[in-house]
Each structure stands twice: as C-alpha cells, then as structure tokens.
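Before any comments, here is the structure.
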Protein chains: 2
Amino acid sequence: MPRPRLESREKLLPNAMMLFWKNGYHATSIDDLVKATAVARGGIYADFGGKAEMFEACLDLYRQEVAAPAIAILNSEHAGLDAIEGYFYHFIDMHRRHGLPGPGCFIANSMTEIAPHEDAIRTAVNAHSKDLHAAFLGALSHAGSRSNANLSQATLNELALFLVTSSQGLWSYARSVTDISLLESYVRSLMGLLHSRFS
Amino acid sequence: MPRPRLESREKLLPNAMMLFWKNGYHATSIDDLVKATAVARGGIYADFGGKAEMFEACLDLYRQEVAAPAIAILNSEHAGLDAIEGYFYHFIDMHRRHGLPGPGCFIANSMTEIAPHEDAIRTAVNAHSKDLHAAFLGALSHAGSRSNANLSQATLNELALFLVTSSQGLWSYARSVTDISLLESYVRSLMGLLHSRFS
DNA sequence: ACTGTATAAGAACGATCATTCTATAACTGA
DNA sequence: TCAGTTATAGAATGATCGTTCTTATACAGT
C-alpha cells in the first residue's frame, strides 16, 4: 500500500527494453512491464503516453546503449576488415554470455514484427540501417584502399549494403539455434568471402 | 443464420497462412481468421485444436507450398551459382508483385517471433534450415567441382551455412524497406562475392 | 511541523482475446 | 422422404489486454 520510494524509475526503460527485446512487442504486456520494473502502472502512462510510445523509447535506448557502441567499433580510426570481424564477435560474445536461443538484435526483431505495420518503428529501424551502412562503408573503404583489388566506390557501397542486410540474418538465426558455433561459422565464412574479394 | 455450404473449408489453411505470414502470430486474432476464411469459429477448433496448432499447420503448409518449390530450384540437376541466384530472385520477384514493405518469409518471421519460445516452431524452423542448407551445399558443390578454386568440403559446407543464415536477413529486410532495388543489390553483392571465391 | 507534489499500489473499465457452446440448416446416404 | 451427420452463425464465457482513476504515502521546500 505505501511506497518504497527507491530509484526504480531509473530502471524502468532498461528493464522494459530487455522484455521487449526478448519477447517482442505483442507478447509483452503492461503487467509484465510493471512486474519487471517495479514501476506503477500509471507511471508508464505519465512518462510515455502508452505502450507503443514506450516501445519506441526502448528502441531508441537500444540504439544508443547497445547498437551505437557496436557501430563505434566500425567507426574507429583505422577500422578495416578486422573491425568488421570485431563488430560481429561483439554481438556473438553477448550471445555466448546469454545462452541460446538468445534475444538476437532488438532492431532486427522489430524489423520483422513491427516495422511493416508502424511507420515510426520503420523509420527508426531504417535510420539504424543507414548508420550501420555508413559504418560498414567506412571500414570497407579503408580495407579497399589498402588492397590491390581496386574495388570501385559503387562496389564498396553495395558491399556495405550487403553486410547490413546479411547481418540481420545472423541475429534472426541467434533466436532459433542452440549451438553458438553456427554463429561463429557465419563470421568465418563472411570474412573468407571478404578477404577473397579484397585480394 | 444458415450455411452457404461452399467449399470454404479448403481455403481455411491457405488464407490463414497469409494472415500469419503478413502479421505474425500474436497480431492475428481468431476473429481475423474467421473473417478472412469464412470458416466458422468452431471449425478451427474441430480441425486443429487451437490457434497454436493451426499456426503450426500453416507453417507446414508454407514449407510445402512456398519454400519447397523455391528449394527445388537449388536441387535441380545441374544447379550451380546460377541456381543460387535464381533462388533469391524467385523470392524477390514475389515481393515485386506484392509491393514493399512485403511479407518476407514466413519461416524467417517465425524464427524471430516464435522460435525462441515454442519448441515445436523452433523444430520446424530448424528442419527448414537443414533442408535449405543441404540444397545450398549441393549447388555450391557443383559450382566447386567446375571451378579452379579447389575449395574443401568443409569450406563449402560453411559457405552453405552462411547462405542459410545470410538469406534470413534479406527476408527481414523485405519487411522494412520500400525500394526493391535494395533487395536486388543484396543478390548482386552476394553473387559477386561467390564468383570471386570460386574463381 | 506543515503543505504540496510526486509516485506507489492496485481497483476499475471497456475492449478484445482464445475458447466453448447452442441452435439452425445444408448436405449424405438410405 | 427421412434420419444422421456436418458445418454454419453467433451468443456466451472467463481471462487478459491496454488504459484510467483513486487512494495513500514518501518526499522536498518552507
């Protein structure tokens, strides 16, 4: 009946993000969020307006707290093919800690569940794809300028787009398999293909 | 009040499959299914037992009617890299007819929405991945035996696994973008990488 | 110490969910 | 022609959904 008055409000978004990430939008109820966050029902509506707006806020938080640090690996000064490999292992290591089937990528999950039906989510998802594309393109350009392959800017651009698309499959896959070596195999093959293309 | 008594029961599964495919499991209600199929509420429970079982039946139908014909492209007698390209364009052409954002692949959608939480769905999804892997491996093996690259069986096997994983990303992507050329670009890049690896 | 604000707990609401049941009528086989 | 079967339309049910509202209380500012 009273109120413990701890700083639970601060944990609202991170905890809600985890639930939406693992279970998706429709399978996560307000009750689930209340139980997991120790925040009152009303607080959710006072702070966000509703479930849909809260989901958007969680997606934004994911982009800032989870996706951005990973993309930063690709944006580091002398990033090349090694940085691309590092980007993938960054996520795979997360799934090694979590166990499989894992949560995958919140953005990739939203891409299939919500993006076709909600403009705001599709916009956020596509904005992330654009960021990721630019980061891949930077790393590929560095790798290209160091190689003898003489790949055109158009080819590098398409390769970056390919990496954006292809990597979504890895995160989908992480939600259905139980063997982490299947994820590692993906990266080995991808790097083999890239090295073959850049030499 | 009466009963038109047409052969609507036959269209139950195909129509239900379309709804689950486009909107996913949780966003499709029994009411939606009843309206779209002109089948009585009770009929669904008499024939399948419930929503979850019906979803499984729809997924099986998709594997038979949609996935299997596509995989057959890869399993044709002299399938090589061209057949792999044909497999991808088979799905892309479907999205060209449908328009974007499109439905993607029912199996890929289920992989992210349901597979982590339902064993039966995860089993079906993984069985499809196994079929697809075998088909890719066959086509890659044919291509390998015709090339000078001398790729090992282990490398071909890993490449096939890569194609299975990577292709899931294309179907996710088809649900969030509005420009079909982004999907075509993926295939161009992938084929460029494969040709570079096999020469 | 008092007042006002913010937030907790949780009851209440109408809508919708999956599921079951009932009553009616079209078909089947005799 | 007349059961018996089968599938219909749709009401009914209880659970759960997202959302709102009420009440009590912990805190900040004075």
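From a predicted model like this one, the values you see are computed outputs, not experimental measurements. Per chain, numbering begins at 1; letters A, B, ... match sequence-line order.
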**Study point:** Whole-Å distance separating the CD1 atom of B/I44 from the P atom of C/dA18
**Key:** 10 Å
Distances under 3.5 Å between protein N/O atoms and the N/O atoms of nucleotides 11-16 of chain C, please, pair by pair.
none

Exercise for review: Could you tell me whether A/D60 and A/R63 have a side-chain N and a carboxylate O separated by less than 4.0 Å?
Suggested key: no
Practice item. Provide, to the nearest angstrom, the distance between the CZ atom belonging to B/F48 and the P atom belonging to D/dA7. Key: 12 Å
Point to revise | Value in whole Å for how far the P atom of D/dT19 lies from CG of A/D31 | key: 13 Å
Review point. How about B/Y186 and B/S166: does a side-chain donor come under 3.5 Å of a side-chain acceptor?
Key: yes
Exercise for review: Go through the side-chain N and O atoms of A/D32 and A/S29 and say whether any donor and acceptor fall under 3.5 Å apart.
Suggested key: yes
Exercise for review: Please work out whether the ring planes of B/H95 and B/W171 are parallel, tilted or perpendicular, with thresholds of 30° and 60°.
Suggested key: parallel
Check your understanding: What does the inter-axis angle of the helix from C/dA1-D/dT30 to C/dA30-D/dT1 come out as, five pairs per end, nearest 10 degrees?
Key -> 20°
Point to revise | Atom pair CG (A/L161) and CG (A/L156), whose distance is rounded to the nearest 0.5 Å | key: 12.5 Å
**Study point:** Spacing between A/K35 atom NZ and D/dC17 atom C1', to the nearest angstrom
**Key:** 12 Å
Point to revise | Whole angstrom value for the distance that separates P of C/dT7 from CG of A/L12 | key: 11 Å
Practice item. State which of D/dT8, C/dA9, D/dG18 makes the closest approach to the side chain of A/Y45. Key: D/dG18
Check your understanding: Where the side chain of A/K51 is concerned, which of D/dT19, C/dA18, D/dA9 is the nearest nucleotide?
Key -> D/dT19
Check your understanding: Does the side chain of A/T112 come under 3.5 Å of the side chain of B/T112 through a donor N or O and an acceptor N or O?
Key -> yes
Check your understanding: Do B/R96 and B/E184 sit within salt-bridge range, that is, some charged N less than 4.0 Å from a carboxylate O?
Key -> yes
Exercise for review: Just jot down the side-chain contact (heavy atoms from CB on, under 4.5 Å) partners of B/M17, sequence neighbours excluded, or say none.
Suggested key: B/W21, B/C58, B/L61, B/Y62, B/V66, B/F106
